[in-house]
Amino acid sequence: MASHWWRWLRGCSWRPAARSPEPGSPGLAGPPGAAADAHAQVHRWKGLDLSQIPYINLVKHLTSACPNVYSISRFHHTTADSKTHSGEKYTDPFKLGWRDLKGLYEDIRKELLISTSELKEMSEYYFDGKGKAFRPIIVALMARACNIHHNNSRHVQASQRTIALIAEMIHTASLVHDDVIDDASSRRGKHTVNKIWGEKKAVLAGDLILSAASIALARIGNTTVISILTQVIEDLVRGEFLQLGSKENENERFAHYLEKTFKKTASLIANSCKAVSVLGCPDPVVHEIAYQYGKNVGIAFQLIDDVLDFTSCSDQMGKPTSADLKLGLATGPVLFACQQFPEMNAMIMRRFSLPGDVDRARQYVLQSDGVQQTTYLAQQYCHEAIREISKLRPSPERDALIQLSEIVLTRDK
């Protein structure tokens, strides 16, 4: 079983021993001596057969190697109106990406051709322009970065822009369905669809958004792209099933958590990035770069989301905090905290179902270094994303993607 999960882990491209940041690279903070010591400690695993190390121990060793060396605030080292590595200036990666997304939500609403007023209102409920649009921004920037890399084209194809719309539609449909499964009452600072219209209608609204996304995808007419994005829908379903289950063995538990994280969050970003690269460039190497960037940023994004569930207030998040514990879910901070407080194992296995479990588990997490360890793990995924995207030809869009991977770590909602 251990070797099986190591093979899966290798598929996620997280190999910190070989890819930890070099001194002076983005994210390295703290006294030079301490940084060098931590850097050397991480690299001691280079000569080991890592497939023989139990998964949770490997994660624990690698994250504990540099517990205080990598500062989130220092990782975010670029500033607004900074000069990119490509030599051109831009003010903000979101503004740069939004150039190709003007009218995004209006265009999505046009895709939802609905005659029934109630169903129309439900389906358009989250397309109000108040979301982060994180996924469409990444997709638009990736499209330009790949086009420039291939033939120095500065234009985004209509089909590539459509992928950005589809990504947001699939994401929103999954939120509507997730809220039904979780019986959630708030999302983005307002009541959920299921709380306003009921669970049955909410499920149908999510289905409708997904069907509209499928029609838009079919209209692109590229069978490779269709295959890539239909994989996302399969992953979303499998990820939800993984979330409904749990593992007794610690090694299996952490791998289970990361696989669920990939399928529920990172697959959409990874495959959307890959889809626009396929449409803009024939080189399979570029397709893999786009996929790996999206996968690593996506996993980091969710790891930080799991951290914020413990460190942010409800007003910042737009939804209740400690929500995962209340749902019986053991995320990264909990799994790391369990290493310091083994008594949490029983709570994890009963999914925090007894009175007082949620509060006690939260206290254990805050007393442990679970939040710091999860944040450090997210940093490693972001470093890997930067390493991948840096293989493309320099451009403002490529550098904006680098900065976006840093923003993932510093966001507070």
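Position 1 is the first residue of the sequence; numbering continues from there.
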Exercise. Run the ring-ring contact (aromatic ring centres under 6.0 Å, His included) check on Phe254 and Phe336 step by step: do they pass?
Worked result: CA-CA 9 Å; Phe254 212 103; Phe336 279 120; 5.1 Å; yes
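Residues passing the ring-ring contact (aromatic ring centres under 6.0 Å, His included) test with Tyr105, sequence neighbours excluded: none. By the side-chain hydrogen bond (donor to acceptor under 3.5 Å, both in side chains) test, Arg393 pairs with no residue at all, sequence neighbours left out. Scored by the ring-ring contact (aromatic ring centres under 6.0 Å, His included) test, Tyr364 finds Phe341 as partners (sequence neighbours excluded).
Here the side chain of Thr230 pairs a donor or acceptor atom with the backbone of Ser227 at under 3.5 angstrom.
Nearest heavy atoms, Ala378 versus Ala300: O-CB, 3.6 Å.
Annotation: cation-pi geometry not satisfied between Lys391 and Tyr293 (NZ/CZ under 6.0 angstrom from ring centroid, within 45° of ring axis).
Residue pairs that meet the ring pair (Phe, Tyr, Trp, His ring centres under 6.0 Å) test with at least one member in residues 168-196, sequence neighbours left out, do not exist here. Within the structure, salt bridge (charged side-chain N to carboxylate O under 4.0 Å, His left out) contacts touching residues 266-283 (residues at least two apart or in different chains) do not occur. Counting only residues at least two apart or on different chains, no ring pair (Phe, Tyr, Trp, His ring centres under 6.0 Å) pair has a member in residues 136-166.
You'll find the side chain of Tyr381 stays beyond 4.5 Å of the side chain of Val297, heavy atoms only.
Checked for salt-bridge contact, Glu397 and Arg99 meet the test: a charged N lies under 4.0 Å from a carboxylate O. With salt bridges taken as basic N to acidic carboxylate O contacts below 4.0 Å, one links Asp305 and Arg411. In summary, Asp107 and Arg161 engage in a salt bridge, as defined by a charged side-chain N under 4.0 Å from a carboxylate O.
If you take CG on Leu325 and OG1 on Thr331, they are separated by 6.5 Å, rounding to the nearest 0.5 Å.
Among the candidates Val203, Ile181, Asp179, the single residue satisfying the side-chain contact (heavy atoms from CB on, under 4.5 Å) test with Asn194 is Asp179.
Using a 3.5 Å distance cut-off with no hydrogens or angles, the side chains of Asn271 and Ser267 do pair a donor with an acceptor.
Atom CZ of Arg109 has more than 12 neighbouring heavy atoms from other residues, nucleotides or ligands inside a 6.0 Å radius.
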